[in-house]
Peer 1: 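The structure is given below, and queries will be raised subsequently.
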Amino acid sequence: YRRKSKLIYLMPLEKDGVMIILSSPSGAGKTTLVKMLSEIDSYEVSISHTTRQPRPSEIPNKDYFFVDKVEFNRLIKNEEFLEYAKVFENFYGTTRTPVIDKLNKKRNVLFDIDWQGADQIKNKKLDYKLITFFILPPSKEELFERLSNRDMKDKLIAEERMKQFGRDVLHWINYDYVVINDNLEKCFSKIKSLIDAEINNGSKDYDLEFIRSHVSKLTS
Ligand code: ADP
Ligand code: 5GP
């Protein structure tokens, strides 16, 4: 009888979902990684609102809720945002209700948001576990390559976002984990195993000194 009750005690507790934030300088690959993670059972993406124009490849209400400034301001006034920020001349924000609903249904919620949003969510100290990731490119040359390919119509966009890179990268220090997106599959596995280790209190394979020296190279 005793042994049986001990076994029951050791069974995992029913838990709410966890919040997983991925941020990065533009073009490092966080949107791609969030999409890959969202294919895992029990993972779901938080769909943001934005005043930005959709890219040709983007699907409204799936990639973003595309809204005008009037609607965005209404959501601010109604206090519907968990966080919002101005990024590259456009507004972006996460509404609270869909996120909390998913977490309460034990879904892990993925956020593709910038450092300003990550800071706001961190400061809210919600009753859900939060894991934050900062994604870095292998090099500046590779970053420019990725940005140019993605925003083919507009070289200016790629150049503008490269200028921002030096400023964005400085925020790496405020994240739980920094991961380099060189090989996509490897980067994905690294993030997944760090999340699993966090959820199960397992050991984390993470080398902060290596990251520190990579950041130095990127900013030199
Ligand atoms: P972010 O969301 O960080 O701005 P994206 O996910 O949109 O970046 O990625 C930028 C571009 O780089 C996309 O065209 C994407 O397909 C490509 N990309 C992402 N990860 C890799 C990778 N590991 N190797 C090569 N190209 C990549
Ligand atoms: P993009 O225009 O390339 O889709 O996104 C530009 C930046 O805005 C990215 O850094 C992305 O993570 C960020 N972003 C997207 N949605 C949100 C959001 O809801 N809140 C905040 N703070 N940033 C967001």
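Every number for a ligand or one of its atoms is a count from 1 in the order of the listing.
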Peer 1: For atom 1 (P) of ligand 1, find the nearest protein heavy atom and state the residue, atom name and distance (0.1 Å precision).
Peer 2: Lys30 NZ, 3.3 Å
Peer 1: Just jot down the ligand 1 atoms closer than 4.0 angstrom to any heavy atom of Ser26, in number order.
Peer 2: 4 (O)
Peer 1: Could you check if a side-chain atom of Val99 sits within less than 4.5 angstrom of a side-chain atom of Tyr128, using non-hydrogen atoms only?
Peer 2: no
Peer 1: Salt bridge check, Lys105 against Asp101: does any charged N sit closer than 4.0 Å to a carboxylate O?
Peer 2: no
Peer 1: Looking only at protein heavy atoms, which one is nearest to atom 2 (O) of ligand 1, and how far off is it?
Peer 2: Thr31 OG1, 2.4 Å
Peer 1: Can you find a heavy atom in the side chain of Ile21 that is under 4.5 Å from one in the side chain of Leu130?
Peer 2: yes
Peer 1: If you count every heavy atom of other residues, nucleotides or ligands that lies below 6.0 Å from Asn78 atom CG, does the total exceed 12?
Peer 2: yes
Peer 1: If the cut-off is 4.0 Å to any non-hydrogen atom of Ser24, which atoms of ligand 1 fall inside it?
Peer 2: 3 (O)
Peer 1: Should Pro54 and Asp63 count as side-chain neighbours, where that means a heavy-atom distance under 4.5 Å?
Peer 2: no
Peer 1: Trp172 and Arg212: side chain to side chain contact (heavy atoms under 4.5 Å, CB included), yes or no, with the steps?
Peer 2: CA-CA 9 Å; Trp172 72 278; Arg212 210 182 280 283; 4.0 Å; yes
Peer 1: Using a 4.0 Å cutoff against the non-hydrogen atoms of Asp112, which atoms of ligand 2 qualify?
Peer 2: 11 (C), 12 (O), 14 (N), 15 (C), 16 (N), 17 (C), 24 (C)
Peer 1: To check your reading of the model: name the closest protein heavy atom to atom 13 (C) of ligand 2, its residue, and the distance in Å.
Peer 2: Asp114 N, 3.8 Å
Peer 1: Can you tell me how the ring of Tyr84 sits relative to the ring of Phe81, calling it parallel under 30°, perpendicular over 60° and tilted otherwise?
Peer 2: tilted
Peer 1: Mind checking whether Asn181 has a heavy atom under 4.0 Å from ligand 1?
Peer 2: yes
Peer 1: Just go through Ser48, Ala118, Ala28, Pro25 and tell me whose heavy atom is the nearest to atom 16 (N) of ligand 2.
Peer 2: Ser48
Peer 1: Do the rings of Phe91 and Phe72 sit parallel, tilted or perpendicular, given the 30° and 60° boundaries?
Peer 2: tilted
Peer 1: Which of the listed options, Ser23, Gly29, Pro25, holds the heavy atom that is closest to atom 9 (O) of ligand 1?
Peer 2: Gly29
Peer 1: To check your reading of the model: name the closest protein heavy atom to atom 10 (C) of ligand 1, its residue, and the distance in Å.
Peer 2: Gly27 O, 3.5 Å
Peer 1: Relative to ligand 2, is Tyr64 under 4.0 angstrom through side chain, backbone, both or neither, heavy atoms considered?
Peer 2: side chain
Peer 1: In terms of the angle between their ring planes, are Tyr206 and Tyr177 parallel, tilted or perpendicular, with boundaries placed at 30° and 60°?
Peer 2: perpendicular
Peer 1: For atom 2 (O) of ligand 2, which candidate among Phe88, Phe91, Tyr92 holds the nearest heavy atom?
Peer 2: Tyr92
Peer 1: Would you mind reporting whether Ile135 and Ile191 have side-chain heavy atoms less than 4.5 Å apart?
Peer 2: yes
Peer 1: Is any side-chain heavy atom of Ile195 less than 4.5 Å from a side-chain heavy atom of Tyr43?
Peer 2: yes
Peer 1: Using a 4.0 Å heavy-atom threshold (strictly under), name the region of Val87 that reaches ligand 2: side chain, backbone, both or neither.
Peer 2: side chain
Peer 1: Tell me, yes or no, whether the heavy-atom count around Lys204 atom NZ, taken from other residues, nucleotides or ligands under 6.0 Å, exceeds 12.
Peer 2: yes
Peer 1: Is the closest heavy atom of Lys30 to ligand 2 under 4.0 Å?
Peer 2: yes
Peer 1: For ligand 2, which atoms have a heavy atom of Glu83 less than 4.0 angstrom away?
Peer 2: 18 (C), 19 (O), 20 (N), 21 (C), 22 (N)
Peer 1: Measure the distance from atom 25 (C) of ligand 1 to every protein heavy atom, then report the residue, atom name and distance (to 0.1 Å) of the closest one.
Peer 2: Arg146 NE, 3.6 Å
Peer 1: Taking only heavy atoms of Thr94, which atoms of ligand 2 are found under 4.0 Å from at least one of them?
Peer 2: 19 (O)
Peer 1: For atom 15 (C) of ligand 1, what's the nearest protein heavy atom and its distance?
Peer 2: Thr32 OG1, 3.7 Å
Peer 1: Would you kindly specify which portion of Leu147 sits under 4.0 Å from ligand 1, judged on non-hydrogen atoms: side chain, backbone, both or neither?
Peer 2: neither
Peer 1: Is a side-chain donor or acceptor of Ser23 paired with a backbone partner of Ile113 at a separation under 3.5 angstrom?
Peer 2: yes
Peer 1: Is there a chain of hydrophobic side chains (I, L, V, M, F, W, Y, each step under 4.5 Å between heavy atoms) that links Trp115 to Phe88?
Peer 2: no
Peer 1: How far is atom 7 (O) of ligand 1 from its nearest protein heavy atom, and which residue and atom name does that atom have?
Peer 2: Arg150 NH1, 2.8 Å
Peer 1: May I ask whether Arg161 places a heavy atom under 4.0 Å from ligand 2?
Peer 2: yes
Peer 1: What atoms of ligand 2 come closer than 4.0 angstrom to any heavy atom of Ala85?
Peer 2: 22 (N)
Peer 1: Please list, in number order, the atoms of ligand 1 under 4.0 Å from a heavy atom of Asp182.
Peer 2: 22 (C), 23 (N), 24 (N)
Peer 1: Which is it for Gln116 and His171 under the side chain to side chain contact (heavy atoms under 4.5 Å, CB included) test, yes or no, and what are the steps along the way?
Peer 2: CA-CA 9 Å; Gln116 306 174 79; His171 298 284; over 6 Å; no
Peer 1: Just to be sure I read this right, does ligand 2 sit under 4.0 Å from the backbone of Arg52, its side chain, both, or neither, counting only heavy atoms?
Peer 2: side chain
Peer 1: Relative to ligand 2, is Arg55 under 4.0 angstrom through side chain, backbone, both or neither, heavy atoms considered?
Peer 2: side chain
Peer 1: Can you name the atoms of ligand 2, numbered from 1 with element, that are less than 4.0 Å from a heavy atom of Gly117?
Peer 2: 22 (N)
